[in-house]
Structures are given as structure tokens and as C-alpha cells.
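By convention in this document, chain letters (A, B, ...) are assigned in the order of the sequence lines, proteins followed by strands, and residues within each chain are numbered from 1.
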Protein chains: 2
Amino acid sequence: MVGIDEVARRAGVSTATVSRALSGNGHVSPATRLKVKAAALELGYVVSSNASSLASGRMKNIGVVVPFLNRWFFSSVVEGAQKALLQNGYDLTLYNLTGGGDERRSVFEHFLLRQRVDAVIAISLELTESEVARLHALGKPLVGVGGPISGVRTLTIDDVAVSRLATEHLLALGHTRIAHIGGNKDFDLDFHLPTNRRFGYEAALDGAGIGLSAELFQPADFTIRGGYRAAKQLLGSPHDRPTAIFAASDEMAIGSILAARDLGLVVPRDVSVIGVDDHELADFFGLSTIAQFPQGQGAKAVEILMDQLHPGKHDQAALNTPMPFELIVRSSTARPGG
Amino acid sequence: MVGIDEVARRAGVSTATVSRALSGNGHVSPATRLKVKAAALELGYVVSSNASSLASGRMKNIGVVVPFLNRWFFSSVVEGAQKALLQNGYDLTLYNLTGGGDERRSVFEHFLLRQRVDAVIAISLELTESEVARLHALGKPLVGVGGPISGVRTLTIDDVAVSRLATEHLLALGHTRIAHIGGNKDFDLDFHLPTNRRFGYEAALDGAGIGLSAELFQPADFTIRGGYRAAKQLLGSPHDRPTAIFAASDEMAIGSILAARDLGLVVPRDVSVIGVDDHELADFFGLSTIAQFPQGQGAKAVEILMDQLHPGKHDQAALNTPMPFELIVRSSTARPGG
DNA sequence: TTGAAAGCGCTAACAC
DNA sequence: GTGTTAGCGCTTTCAA
């Protein structure tokens, strides 16, 4: 590996100047900078991140903690964050908590502590108090995406508004018997969002002067399979079948569409279905949905961290921008009986 | 941050001894080791990975390069690798090439070179010659998973055997008009496996004395949507409709099942469908498939790297173990007309 | 604007 | 088995 001193010699300057020219910290005359960059390029020099980090205290590395990796939302957020980090010259170190237990503990008690990251992004994570404490003890910037972490700045769509919008879309079409498939209590512990989505649904019905009825709610686990089961329950009822279903995730909505088909119902003629996410499969199934943009959320998280890490370097990101969402109407929703 | 010298003072030993006791390198008396560990725990000491890496040349970090993250196979491999790395005290730094172009170049020309990783795992990546050259220039262990990299040890299932097995399953059930949905040429450039899967299919038919016919092959892009389109083409044919479809991925197989349903065909009565992967949705759709175990592949890649990084520490992993696969029969395959 | 030199916190010879 | 000490390769005062 070629080191900084070789570059210095080649460029006829000191190592200090090379460091300044390449990192952009401190002033170097344009001429020198050019010489140094040329020398570095010719020699194929790349800084040793360890030496640089040790000397400067900057790691150029962000830790990203996720509870799962093989779910659309999580991997999309990571993808968005990765791309943004790359552009800023940062690495992304991934900590996947799937499996829980020991792994989870060692991530918080060991891995995150070894001075390897400048900041942490926690995705849809419900953390214990001691975990939050450890994170704060790091003394490093921390931002959450998609899930509430007590005392931590979190990027998330307004779940109440999202589900209200979805429900209002159905109401506007003329539906009055609207079922909801949302998170069950177990899930709630980890995400909290199911509850909020339920609130929005209830608020919308309320606003339309429609009473809630318990048999129009089914809990499920945010998967296609879970949505399928829940929808079968709702649609199998011989009396007063709902004419529309609002599922708190696209995967559950897709499960609902499949359940409807298996019951011989035609979507949207017999039942309308709307989800939340704009999952990659939503388009294929013609699913109406409220899109959220997880990659944008990942990128935004990075932007905020960069602001904190390099104050003044970027335009200060508005710290309380709510994340955008958008109703996308496809072919799974229509007027009842239409 | 508490440093090694504080621990040394607290334990009444030198920093060298602390280093030895904590890292397990070099000999320390059991009594001393205990004292040191206790002191470290009390003080909440965790080594600075930078200082450690700089001094030792070991990064305790593996780079993982993936072309996509939000596909089941990739995220599963990463998950498996992550878990195995964690157990070995290693971090995982992720490089996602999605988007290609600039990002891709900077990963190879910058990020991987800054001495941050001890080794690299490349997942299903078709690399250019110059990229392979750069990787080799790192002088670090390198292992591929699921895709062929010229001159690099790669972990993969035997695609020919896999597709032969799938096809033979259909043949054994009595099918003779067996269609195949495989990769198209564009995809081939990146993966190569489609071709191999097609070979196995052809070999199996050949072995059964059944001639190939061009209209029984449809290219697709490994997604549900692609499989759906391809299957519509195959099953929509008014004459000599195939009685079975072997799709080179579960996602395409699921697309085929949905296409069959939309055409009014019943699976498996009118058409049998088999895929490859054992995707998380396979079970839900009752899909017969050849399972591969991506998490196991990720874990295996780590095992091999650990062997190379710490010779003698682990049992030498047999370097040429082919990755396992397994026929899983569910309800999407049956005797023709059954 | 540039150079000299003192560390950053740890590991690994080398001595004892 | 343990301590002493010289770096690892860079960044950053401080002086010039």
C-alpha cells in the first residue's frame, strides 16, 4: 500500500500538505492541490481510513441498525441511506438484529461502542430503555426512521393522516362498510404504527358519521399470509360483508386481494382494497395504496446526520419536515357494487 | 472514552497485558485475565477499533458487495453473513451497487481500497475485468456467493443439477409437455445462472427421450410480473398447452400460478408449476420448489473467510463443498390431468 | 500557504 | 507470564 509520505515526496510537499489537499480541510494553494491530486492518482493512493480516523476522530462511517433485512420497507430504507452515504464518502456498517437475543445484546454492548461509527440510523426499531441509553451514551448523532424511539428524532410519515386519507378515499367512493386490517398487539410492541393507523381509520369513519364496529377489524402481522387470513375472516361472513378493506400494509392488502379471489369475489366489483406502502408488488396487483418513499426516508436520515456532523457545510435540512406520502389510485378500488 | 491505560492501571498490569488478556492473543495467566476482564467491565472499556486495526493490520470487518438489496435472495445471504460475522466479532460493511454508474465505480476505486475490510464477499455479481483486478489488487481474501466471478472461489448451488431435479420431478409425475421460464439474455450478462438452469432442464428432457421445442421456452426477468407474462404466453396457446412449467425462480413460478388462475386454469389439475429458491412466499402459494438456503450460503462464505483469516483457528472448512439444495413438494405439482 | 513534529490508542517485538 | 517501547499512517496544532 502506498502511503501519504510517498505522495508527499512525489508532489514535492510535506505530508501535512498532502493531507490538507486531499481532505479539503485547511487551505492549500490551487497549484499545490493539483500537484498533490495528480501524484495521488498516479500512485493509486487512498487514505487508510484507520489511520485517518485515529488521528482525526472522524470515522466516515455510519451504523445502520435494522430489525429485519428481507422486508421491502427495511431494505429500501437501507438502500436509500447507502446511496446517500456513498455520495458523502461514508461507509455503511449494517447491524441486523434478526434473531434477537444474544446478537442483539452484543450489537448494543460491543459493536456500536468500538468507535467505528460517527452516527447511527435506527430503522423501525423499538428499543428498550437500556438500549436507548447506550445509544445516547455514545454521544453520537442518532436518528430513527419509521418507528418511534423515545427521546430520538425520528423520520416517519404521519400514520394517522395516511390512514385517514386511505379511509377517506373509500368513503368518497361511497363505501360505508369499511373493514380494517391492522397490527396485532404483539406487533404493536415493536412498531407502534399499527395503532396510529387504526386511529386514522377510526377518525375518518367518525368524521363521516359512521360508527365503528368491532367485527370490521382484524389483526394481522403485516405479511401477505396474515392479510389473507384476516381478509378471509372478514369476507367470509355471510351477513353484512364489508364492501371495502383498508389494510395497514400493501402486503396485507395483497393477501386480501388473493383471499377475495379465492372466495369468488371480484376486486373491485365486490370488494375494494387499499393498502399502505406502494410496495414493489402493488403495481402488479393493481393495488390502490398510500405510497411512502422509504428510500427517500433513508436518504433524508443521512442528510440530517450530515448536517449534524458537518455543521454549515450543507444547507441545514429543515429538521421537522414530515415525510411525504401520496394516494395512488389503481384498479383495486371503485364504487361499491360498481 | 476510557482507554486501555486506565484499564491497565485499574487491574494493576501493563497495557500490553490488557491487550493480550482481552484479545486472546498471547499468553496471560488465568488470574490476570480475570482481573483484567473485571476491570474492563467495570470501566465499560471497549477497544477502539481504529487504534487496534492500525496497530495490528486487522480490521475485524468484512465488506459485502451486492447488486440489489431488496430481493429475497440477496437480503437473505446478507442476513446469513451478518449473523455469522457477528458471532466472530466482525462488522459487516455493506456496498450496494444498485443504480450502477458512479456509485459502482467509486465503490471499487475508493471505498474498498481504504483499508477498512479484511476480506470481501461478492454476492451474485458479474464483475468487469477491471473490477476483479481491483479486488485482487487488494490482496485480501475474496469469496463470491451465487454468481460466477472469474478466478474467484464462488459458493453456489449446482444450477444444472437443480434444474434437472426440478424437471425430473415433473417427468416422474408423467408430464411430457414441460415448459421452462428462464432468464433472458440481458439478465444472463449479470448472472449466468439462467443458462445453467436451462441446461439442466434440457438435459433432463433429453434423458427422458423428449425433444426440445422452442415454443416451450419463455424468457423472463426473475420477477413475479415477468413470470406472469411469460406464463400467459405459454398457457394461452390454444393448442398443445404445456401441462407443467418449470420456472427458474420462485417469483416467476408464483407469477405463473397467478397467470394460470387468471386464465381459468386450476393448479395443479390443469398445470403443474415448480420453481427454485424456496422463497418466503412459496409456502403460502403451495409452491413446489427446489430449496436453496441463502442464509446458509452467507454463513458458509463467512466460515471460509474466517479460515483464511485465522488459519488453524477453526477446522478447515472443506473448500469445495457444493451448496445444498432440496426438492420440496407442495401442492402446485401433480400428475397431469390429475 | 506550508512544514515540523507531536500525538491518536493500541499491538507486537523484544526483553526480562 | 508480563513489562517496555517502538511504531501503525495519518491529522493537526504550532511556527515559520
For the residue pair [X] and [Y], confirm or rule out a side-chain donor-acceptor distance under 3.5 Å.
X	Y	value
B/Thr93	A/Thr93	yes
B/Thr32	B/Ser29	yes
A/Ser14	A/Thr17	yes

Item to complete: Flag the pair A/Asp91 and B/Arg116 as a salt bridge only when some basic side-chain nitrogen lies within less than 4.0 angstrom of an acidic carboxylate oxygen.
Response: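 Counted as a salt bridge, because a side-chain N and a carboxylate O are separated by less than 4.0 Å.
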What is the distance, rounded to the nearest whole Å, between atom [atom1] of [X] and atom [atom2] of [N]?
X	N	atom1	atom2	answer
A/Arg20	D/dC14	CZ	P	14 Å
B/Asn50	C/dC10	CG	P	10 Å
B/His27	C/dA13	NE2	P	14 Å
B/Arg116	D/dG9	CZ	C1'	14 Å
B/Ile4	D/dG7	CD1	P	19 Å
A/Arg9	D/dG9	CZ	C1'	13 Å
B/Asn25	C/dA12	CG	P	6 Å
B/Tyr45	C/dG9	OH	C1'	7 Å

Fill in: Atom NE2 of B/His110: over 12 foreign heavy atoms under 6.0 Å
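Count not over threshold, so no.
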Between [X] and [N], is there a side-chain N or O to OP1/OP2 distance below 4.0 Å?
X	N	answer
B/Ser48	C/dC10	no
B/Ser19	C/dT11	yes
A/Thr17	C/dG3	yes
A/Ser14	C/dG3	yes

Return the nearest nucleotide to the side chain of [X]; candidates are [options].
X	options	answer
B/Leu54	C/dC10, C/dG9, C/dT2	C/dG9
B/Ala16	C/dA12, C/dC10, D/dC10	C/dA12
B/Ser29	D/dG1, C/dG3, C/dT11	D/dG1

Worksheet item: Looking across every strand, which nucleic acid part, if any, lies under 4.0 Å from A/Val18 by heavy atom: base, sugar-phosphate, or nothing?
Response: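 Since no nucleic acid heavy atom lies under 4.0 Å of A/Val18, the category is nothing.
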Discussion item. Within the 4.0 Å heavy-atom criterion, would you say A/Arg33 contacts the bases, only the backbone, or no part of the nucleic acid?
Written reply: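 No contact.
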Worksheet item: 5'-most contact on DNA chain D: B/Ala55 or B/Thr32, nearest heavy atom basis?
Response: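 It is B/Thr32 whose nearest nucleotide is closer to the 5' end.
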